[in-house]
Amino acid sequence: MERKNVIDIERVDAYRWRLKRHGAMRTDGLVFASAGMFESIRKEESLQQVANVACLPGIVGPSMAMPDIHWGYGFPIGGVAAFDMDEGIVSPGGVGYDINCGVRLMTSRLSRSELGDERIKDLVNTLFQNIPSGVGSSRKDLKLSPAELKKVLRDGAGWALSQGFGTPADLERIEEGGTIPWADPEKVSEKALERGRSQLGTLGSGNHFVEVGMVEEIFDTEVARVFGLFEGQVTVFVHTGSRGLGHQVCDDFIRLLLKSTKKYGIELPDKQLCCAPVESAEGRDYIAAMGAAANFAFANRQLITHWVRESFESFFGLSAERLGLSVLYDVCHNMAKIETHRFEGRERKLCVHRKGATRAFAAGLPQVPEIYRQVGQPVLIPGDMGRCSYVLVGTPGAMEETFGSTCHGAGRVLSRHQALKAAQGRSIARELESHGIYVRGATRATLDEEMPEAYKDVSDVVEVVHQAGISRKVARLKPLGVMKG
DNA sequence: ATGTAC
């Protein structure tokens with residue numbers, strides 16, 4: 001007979017739920033959610049995953065989950081966990097298959113009134129022509145030599161710049177400046193390199209997208225001003241990651257770390273949590289390869305930015321200066337990083353895993369670009385294609401409680417399979433068009449799987465992190481036209 | 001997320 005662990009849950013306050021340490025757990029679990037959201041979360045497998053992560057060696061602070069939590073490989077998506085450098089581990093399952101999946105937001109000098117309804121369709125179609133999308137998509141015009149690909153893996157968005165794609169101002173507005181310095185392309189397998197070679201500059205599939213939208217409401221005028229946001233402004237979101245290359249890196253290291261888990265005598269409640277000590281040879285190799293895959297993703301978003309700009313310029317017949325498509329910021333959603341945090345009164349160097357979670361550093365920190373340092377790091381939270389998205393800002397609350405982390409999106413409520421079923425006999429594209437949103441997907445199935453009702457309402461998710469003080473609302477954006485991979 | 005299992 002299979003028996004599930006009974007998790008002892010305590011409501012801390014309106015937005016926090018503690019999973020009390022028991023059994024093999026080395027620390028508590030902490031879930032950020034409203035009472036309404038927690039009703040469904042408490043029945044999910046993902047809650048057990050929060051408890052499982054708490055069993056890993058060297059965990060510092062609680063095993064955390066953001067309100068967009070849902071089931072993932074080993075670690076929950078929406079999970080945040082920090083580990084001690086000496087006693088702790090690094091785990092590919094704590095990062096996810098799409099290494100440095102992330103989003104970038106561009107702002108423009110265009111206002112909504114300059115973009116008629118009919119033109120949005122044509123604009124999305126133009127983007128579709130210029131940016132390859134879908135599973136296995138590739139760019140015939142950008143097949144890199146093995147040596148050039150290694151430069152991409154070493155320099156990230158910096159490589160894209162060296163090739164004429166973008167400006168120095170872009171780099172400044174990317175997490176880590178668009179280049180993970182500890183990346184080592186030599187730790188990436190031949191198979192991963194081969195998969196990535198023709199995929200740079202492609203969108204991919206699933207929840208990846210390019211979205212033309214507008215700023216609908218400003219909540220914080222001072223921060224919005226620093227971020228360059230104004231009501232009615234046309235914006236562009238780019239959501240993509242490291243494609244087949246990152247997927248292969250994850251696959252390779254799960255295979256390897258399954259062995260090192262045994263080698264280092266680590267006991268796991270779930271094999272999918274396979275890991276290695278942070279400072280072991282295997283752990284270091286994974287971190288170096290993950291960094292290389294992250295750089296591929298940074299370069300990918302930078303190239304797509306370039307083609308978005310080109311598409312806008314040709315479509316509107318306006319100059320780059322007039323369009324003013326500038327990068328507001330670019331965040332990682334799936335990463336593990338070595339960071340120094342103040343914890344229980346002392347500075348500690350930690351390996352912070354964010355899987356479907358966003359770094360949300362507060363004002364004053366050196367990692368926040370100088371242009372934003374007085375207010376804090378921009379936090380970009382895309383919602384589903386039918387509702388809205390948010391720009392938030394990092395807070396001291398996040399530094400104190402979540403190792404400078406917050407949510408990353410809406411979070412699924414329906415599995416892909418369930419969504420396909422729910423979409424039967426309907427046209428998701430037509431339903432969205434009746435709400436004034438033009439969507440075009442690589443396949444019909446993509447739109448069905450990504451239907452708005454497959455996701456939680458991102459406004460509910462954002463409200464939780466705002467009220468809990470681990471980031472603060474700056475603006476809400478509304479989608480106008482979406483290109484789905 | 002993903003040459004959606006080699």
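A quick note: this is a predicted structure, and the numbers were derived from the prediction, not measured. In what follows, every chain begins at residue 1, and chains take the letters A, B, ... in the order their sequences are listed. Values below: all heavy atoms of this structure, side chains included; hydrogens, waters and symmetry mates excluded.
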Trainee: Would you list the atom pairs, donor with acceptor, under 3.5 Å between side chains in residues 402-409 of chain A and any protein atom, with sequence neighbours excluded?
Mentor:
from: A/T402; atom 1: OG1; to: A/A398; atom 2: O; distance (Å): 3.1
from: A/T402; atom 1: OG1; to: A/S405; atom 2: N; distance (Å): 3.1
from: A/T402; atom 1: OG1; to: A/S405; atom 2: O; distance (Å): 2.7
from: A/S405; atom 1: OG; to: A/R354; atom 2: NE; distance (Å): 2.7
from: A/S405; atom 1: OG; to: A/T402; atom 2: O; distance (Å): 2.8
from: A/S405; atom 1: OG; to: A/F403; atom 2: O; distance (Å): 3.3
from: A/T406; atom 1: OG1; to: A/S471; atom 2: OG; distance (Å): 2.9
from: A/H408; atom 1: ND1; to: A/D68; atom 2: OD2; distance (Å): 2.5
from: A/H408; atom 1: ND1; to: A/G356; atom 2: O; distance (Å): 3.0

Trainee: Nearest whole angstrom, please: distance from the P of B/dC6 to the NZ of A/K191.
Mentor: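 It works out to 7 Å between those atoms.
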Trainee: Would you check, one step at a time, whether the test ring-ring contact (aromatic ring centres under 6.0 Å, His included) holds for A/F253 with A/Y286?
Mentor: CA-CA 6 Å; A/F253 278 90; A/Y286 170 64; 5.5 Å; yes
Trainee: Does OP1 or OP2 of B/dT2 have a side-chain N or O of A/R243 closer than 4.0 Å?
Mentor: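 So the side-chain polar atoms of A/R243 do come within 4.0 Å of the phosphate oxygens OP1 or OP2 of B/dT2, strictly under.
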Trainee: A/R255 CZ to B/dT2 C1': how many Å, rounded?
Mentor: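 About 13 Å, once rounded to whole Å.
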Trainee: Does one side chain, of A/Q48 or A/N52, offer a donor that lies under 3.5 Å from an acceptor on the other?
Mentor: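 Yes, because at least one side-chain N or O of A/Q48 sits under 3.5 Å from a partner of the opposite role on A/N52.
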Trainee: Could you give the CD-to-C1' distance, from A/E450 to B/dT4, as a whole number of Å?
Mentor: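 The answer, rounded to whole Å, is 14 Å.
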Trainee: Please list, chain by chain and in numerical order, all residues satisfying salt bridge (Lys or Arg N to Asp or Glu O under 4.0 Å) with A/K337, sequence neighbours excluded.
Mentor: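 Partners of A/K337 by the salt bridge (Lys or Arg N to Asp or Glu O under 4.0 Å) criterion, ordered by chain and then number, come out as A/E175, A/E176.
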Trainee: At under 4.0 Å between heavy atoms, what does A/K355 touch on the DNA or RNA strands: base, sugar-phosphate, or nothing?
Mentor: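 Since no nucleic acid heavy atom lies under 4.0 Å of A/K355, the category is nothing.
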Trainee: Remember a base hit wins even if backbone is also touched, and classify A/G241 as base, sugar-phosphate or nothing at under 4.0 Å, heavy atoms.
Mentor: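 A/G241: no heavy atom of the nucleic acid under 4.0 Å.
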Trainee: Just to be sure I understand the rule, does A/Q199 reach a base, reach only the sugar-phosphate, or reach nothing, if contact means heavy atoms closer than 4.0 Å?
Mentor: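 A/Q199: backbone/sugar contact only, no base atoms under 4.0 Å.
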Trainee: I need the CD1-P distance between A/I254 and B/dA5, as an integer number of Å.
Mentor: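 It works out to 14 Å between those atoms.
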Trainee: Send over the distance from A/R416 CZ to B/dT4 P, rounded to a whole Å.
Mentor: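 So the two atoms are 13 Å apart, to the nearest Å.
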Trainee: What's the CG-C1' distance between A/N300 and B/dT2, to the nearest Å?
Mentor: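 One finds 14 Å between C1' of B/dT2 and CG of A/N300, rounded.
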Trainee: Can you check the A/H208 NE2 to B/dT4 P distance for me, whole Å?
Mentor: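 The answer, rounded to whole Å, is 16 Å.
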Trainee: Which is true for A/S242 with a 4.0 Å heavy-atom rule: it touches a base, it touches only sugar-phosphate, or it touches nothing?
Mentor: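 Contact class for A/S242: none.
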Trainee: Using atom CG of A/D251 as one end and atom P of B/dC6 as the other, report the distance to the nearest whole Å.
Mentor: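 Distance check: A/D251 CG to B/dC6 P gives 7 Å.
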